[in-house]
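As the structure lists them, so they are numbered: ligands from 1, and atoms in each ligand from 1.
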Amino acid sequence: MVKILKKTRIITILRYKTENLKHIAVAAAVIQKGGLVAFPTETVYGLGANALDATAVRSIFIVKGRQCDNPIIVHVADQKQLKKIVIDIPITAKKLIKKFWPGPLTLVLKKKKNVPKDVTAGLNTVAVRMPANRIALALIKKAGVPIAAPSANLSGRPSPTNAKHVLDDLNGKIDYIIDSGKTHIGVESTVLDLTTSPPTLLRPGAISKEQIEKVICEIAVHKVLDSNVLKSPGMKYKHYAPKAKIVFYKSEKMQLAAKELVKKGKKIAILRFNKHPKEIAKNLFAYLRNWDKKGIDIILCEPLDKIKKEGIGLAVVDRLKRAAGG
Ligand code: TXA
Ligand code: MG
């Protein structure tokens, strides 16, 4: 158990404006001193520390309760910072960066020695992305160092898509939260390993396989259940686990099943997929968290084949499968 050690301060910046830079500077100074700052990105909130400070990075693992073999994504504000942490930038990376950065695409590249092994869980690669959020970019720039940041939730909980979610999990354990309201995308970035041939999609996100293949060659998709391959160690943990049990029901059987469960005294929630996948992605983690708070026992979920399996739909299906426990 981590004891409550700190007063977590909140900086509210709903829209990026230059007059807010002085507030961002306060948070950046905390990063420079080895502290922890939760900040918004376009995907989910991240829990940031100076990526080149091994002690600071270790404190991320402690407050999240994160397994130490699960590496962390490093966030950069420009290509200069990227060059400082990777050995070389292959042509595939250059093309993808040109097309998708800043944005929700994380690239796994060969790391330089200055990246502490705590960041990469001992791997010789580092995952890097440039977030498409002006507050995040200003924070990284002002800190003057790349920022290592996993999602700002306790391990095993859904990723936070607003500052309240971060507080619920980490209040008293981190120095600052920059509150910028709800994140745009709602699910974590696409993770693509460029050190394999062909490149491997390790985690689906808002940038789809098809979009990537339009820019580079055909890519492979990592088989999550292929347990002898631990390329992306994070994938083996049960993520996004709500306290409620998720049970799948055909749409026409849903109503009856719901009635029966309520009769038995169960608290239930119903998850239907009649919205566009983008809309589902945006709200999914908030729903899961709310249902936990309400003490829902069972989530009745429509079959996942109701979700269009293209674009961000694949990411939604991936997160729901894992929330349901595989
Ligand atoms: O959208 C996002 O990616 C958010 C925001 C904050 O940027 N971050 C995020 O971080 O989702 P996290 O730690 O929750 O997920 C990072 C994923 C994990 O599955 C981890 O195993 C993988 O990236 N990863 C990190 N470094 C890696 C590496 N060197 N090789 C392979 N996978 C890596
Ligand atoms: Mg996470």
Side-chain angles (χ1 to χ4, degrees), residues 36-49 51 57 60-61 64-76 85-87 100-112 115-133 135-137 139-140 146-161 165-166 169-170 177-178 180 183-196 199-207 222 224 229-241 281 285 312 315 318-319 322-323:
L36 298 181
V37 175
F39 63 96
T41 78
E42 77 280 38
T43 57
V44 300
Y45 276 73
L47 177 58
V57 171
I60 292 180
F61 284 86
K64 275 187 60 103
R66 187 180 176 97
Q67 302 282 339
C68 56
D69 63 351
N70 190 4
I72 296 180
I73 296 171
V74 175
H75 298 66
V76 296
I85 57 172
V86 301
I87 289 178
F100 298 114
W101 278 16
L105 177 65
T106 296
L107 300 175
V108 175
L109 296 164
K110 286 197 181 118
K111 83 173 191 81
K112 273 192 180 155
V115 182
K117 63 178 187 333
D118 308 83
V119 173
T120 63
L123 298 173
N124 57 6
T125 58
V126 61
V128 196
R129 86 178 191 97
M130 188 189 289
N133 179 297
I135 295 168
L137 291 174
L139 176 71
I140 304 165
I147 294 186
S151 49
N153 52 282
L154 287 174
S155 276
R157 300 264 295 141
S159 292
T161 53
H165 297 161
V166 179
D169 282 12
L170 301 174
I177 298 179
I178 302 178
S180 175
T183 59
H184 287 295
I185 294 176
V187 293
E188 308 85 345
S189 64
T190 305
V191 180
L192 181 70
D193 187 349
L194 288 178
T195 68
T196 59
T200 315
L201 185 76
L202 298 178
R203 178 174 74 182
I207 305 289
H222 179 58
V224 178
V229 189
L230 290 183
K231 282 295 299 194
S232 187
M235 304 297 277
K236 74 179 181 208
Y237 296 111
K238 188 180 170 199
H239 268 60
Y240 325 107
F285 291 151
I312 202 166
D318 167 74
R319 304 311 189 270
R322 293 201 271 149

For this session: Taking only heavy atoms of Pro150 into account, list the atoms of ligand 1 that are under 4.0 Å away from them.
Result: 10 (O), 12 (P), 13 (O)
Exercise. Just which atoms of ligand 1 are under 4.0 Å from any heavy atom in Ala127?
Worked result: 25 (C), 26 (N), 27 (C), 29 (N)
Exercise. By number and element, which atoms of ligand 1 are closer than 4.0 Å to a non-hydrogen atom of Gly46?
Worked result: 6 (C)
For this session: Taking only heavy atoms of Leu123 into account, list the atoms of ligand 1 that are under 4.0 Å away from them.
Result: 28 (C), 29 (N), 30 (N)
Exercise. Hey, does Ser151 come in under 3.5 Å of ligand 1, counting only N/O atoms on both sides?
Worked result: yes
Problem set entry | Mode of Asp193 contact toward ligand 1 - side chain, backbone, both, neither (heavy atoms, under 4.0 Å) | neither
Exercise. Hey, is Lys111 one of the residues with a heavy atom under 4.0 angstrom from ligand 1?
Worked result: no
Exercise. Does Ile147 offer a backbone N or O that forms a donor-acceptor pair with the side chain of His75 under 3.5 Å?
Worked result: yes
Exercise. Is Thr41 in polar range of ligand 1, meaning some N or O pair under 3.5 Å apart?
Worked result: no
Seminar exercise, completed: In ligand 1, the atoms that come under 4.0 Å of a heavy atom of Arg66 are 13 (O)
Problem set entry | Short N or O distance, Thr120 and ligand 1, threshold 3.5 Å exclusive | no
Problem set entry | Close-contact set for ligand 1 against Asn70 heavy atoms, below 4.0 Å | 18 (C), 20 (C), 21 (O)
Problem set entry | Numbering as shown, the atoms of ligand 1 that approach Leu202 to under 4.0 Å (heavy-atom distance) | 31 (C), 32 (N)
For this session: For the Mg ion (ligand 2), decide whether Ser151 has an N, O or S atom at a distance under 2.8 Å.
Result: yes
Problem set entry | Heavy-atom side-chain proximity of Val108 to Val191 below 4.5 angstrom | yes
Exercise. Are Arg157 and Ser151 close enough that some pair of their side-chain heavy atoms sits under 4.5 Å apart?
Worked result: no
Problem set entry | Non-hydrogen side-chain atoms of His165 and Ser159 separated by less than 4.5 Å | no
For this session: Report the residues that fulfil ring pair (Phe, Tyr, Trp, His ring centres under 6.0 Å) with Tyr45, sequence neighbours left out, ordered by chain and then residue number.
Result: none
For this session: Output the list of atoms in ligand 1 that are nearer than 4.0 Å to some heavy atom of Arg129, sorted by atom number.
Result: 1 (O), 2 (C), 3 (O), 5 (C), 7 (O)
Problem set entry | Option nearest atom 11 (O) of ligand 1 (shortest heavy-atom distance, choices Glu42, Lys110, Arg203) | Arg203
Problem set entry | Nitrogen or oxygen atoms of Thr106 and ligand 1 under 3.5 Å apart | no
Exercise. Can you check side-chain hydrogen bond (donor to acceptor under 3.5 Å, both in side chains) on Ser189 and Arg203, steps first, answer last?
Worked result: CA-CA 8 Å; Ser189 64; Arg203 178 174 74 182; 3.3 Å; yes
Problem set entry | pair Pro146-Val128: side-chain heavy atoms closer than 4.5 Å | no
For this session: Without swapping roles, check the side chain of Asp169 against the backbone of Leu154 for a donor-acceptor pair under 3.5 Å.
Result: yes
Exercise. Within the distance-only criterion (no hydrogens, no angle test), does the side chain of Thr183 pair as donor or acceptor with the backbone N or O of Thr43 below 3.5 angstrom?
Worked result: yes
Problem set entry | Arg129 and Thr41: side chain donor to acceptor below 3.5 Å | yes
Exercise. Got Leu107 and Phe100 here, is their nearest side-chain heavy-atom distance under 4.5 Å?
Worked result: no
Problem set entry | Contact partition for Met130 relative to ligand 1, non-hydrogen atoms under 4.0 Å | neither
Exercise. Within the structure, does Glu188 bring an N/O atom to less than 3.5 angstrom of an N/O atom in ligand 1?
Worked result: no
